[in-house]
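Remarks on the structure that follows.
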Amino acid sequence: MIKIDYTNAMAETIGERDGILREELLSFRHFVVETHTLIQKEKERKFYFCKLPYQDTTEIKEFAEHIRENFEYFVVIGIGGSSLGAKMLFESLTDLNYNIEKSPKFFLLENVDPEKFDSILRQIDIKKTCFNVVTKSGSTVETIANFSIILSMLKKELGDRYREHLVFTTDPEKGFLRKFGASEGIKMFGIPPKVGGRFSVLSPVGLLPAAVLGIDIDQLLAGAKKMDLVCSIEEHVEHNPAYLIALIHYITNMRRGKTISVMMPYAEKLASFVDWYRQLWAESLGKDGLGQTPVKAIGTVDQHSQIQLYRDGIRDKIITFIQVDKMNTDYSIPDELPEDIAYLTGHSLHEILNKELLGTKAALIKSKVPNITVILDEINPYNIGMLIYMYELATGFSGYLYKINPFDQPAVEEGKNFTYALMGRKGYEEKLEEFKELYREKYRIEVQ
Ligand SMILES: O=P(O)(O)OC[C@H]1O[C@](O)(CO)[C@@H](O)[C@@H]1O
């Protein structure tokens, strides 16, 4: 079960300068109905991610079982949309001590930081490891660089049997990895071409790692299916969770100056959900000088580092809290405490967690800072499936609000082009000249 409480984003709670008038929300009625119709038509094209909840998971589950039976370590090599989803599912839907108590142990090779690479290598036995290389384009530098090192190590350790330690998730037809996998006879899963990386967690990109980790991926998809159903029939903004979230963020951004969207779960397990949301919101909506900057905070930890700014600093934020009503465990504060702290007696950690959330919300209301709360009855695959689908659809719908294409990311290419040029890649000679023209290190300060 998911609830969205948006009382504290409304003008009647925090005033018209920072909050939304109900009639303002309702004034989008016609836009919502028209856009809803467009989205239903686009489910075969731009909104193809909406079809993922209906896929057959048999092959994924069978291969995941093979990995679970034959390997002690499972490493995903991927970055951005090709890793953040798996990381989010791992951290939100397995025990926090998974890698201590369970198997296969799970690791992610995302960055090209050699010390991080080394630290993972020293925690695994490559002869007992299955590597899932995940890349939609098939050629992202970090992923292919990490893969090429692992490939040479596997060949050295295992000879021809190296193929058994690899599974690729990539474009079903094109790209370096698809070509290489086909020529080497490596097991591969396809990423539907119409699904962008940051919308692909409910494809084999996220589902294979999730199944290997023992997560019930059918429940995950069932939750997404439920949210698709609700959002397919409900064209009234106050009954459609995805459109509501999109509109609240759009109005507060464009009409109330809330250019920053803070997501602050009161559950450590949801920290990576925010990383996943950050890519989705930033890379989809950050276009044509528009968009809203997604910022991560964790409750209660960041109450003690960020709330001063949120309450009394620049008034440019809307806060989304995520509240979890039931956790897998809890600890009660013991009795017979010294008088000064006796008020804690009888309370529990989870109770304090959510009371701190309530207290923080009340303080933000007093500072007229708009905030909404997404409430989960518990963290489970069904609810996470609903949450993923809700935010993906909210992002797609926001594309119509901002009149931008939320499904591409042209601005990420230029940095890659300069990188190719600096690495001496053929065909990037001119780009290297442009770099030499452009880049200076004139103003510096150095302390020995
Ligand atoms: O899955 P790929 O093609 O390796 O891309 C990884 C990520 O890099 C980006 O293209 C950004 O550089 C993201 O959109 C994508 O999720």
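Read the numbers this way: they start at 1 and go in the same order the structure lists the ligands and their atoms.
With sequence neighbours left out, the side chain to side chain contact (heavy atoms under 4.5 Å, CB included) criterion links Phe435 to Phe418, Leu422, Tyr439. For Arg311, there are no salt bridge (Lys or Arg N to Asp or Glu O under 4.0 Å) partners two or more places apart in sequence or in a different chain.
For the pair Lys174 and Asp171, the salt-bridge criterion is met [side-chain N within less than 4.0 Å of a carboxylate O]. Salt-bridge formation is not detected for the pair Glu392/Arg198: no Lys NZ or Arg NE/NH1/NH2 atom is positioned less than 4.0 Å from an Asp or Glu carboxylate oxygen.
Under 3.5 Å, the side chains of Thr373 and Lys361 contain a donor-acceptor pair of N or O atoms.
Around ligand 1, the residues contributing at least one heavy atom under 4.0 Å from the ligand are Ile79, Gly80, Gly81, Ser82, Thr135, Lys136, Ser137, Thr140, Gln279, Glu283, Gln409, Val412, Lys416.
The ring pair (Phe, Tyr, Trp, His ring centres under 6.0 Å) analysis of residues 290-311, with sequence neighbours excluded, yields no pairs.
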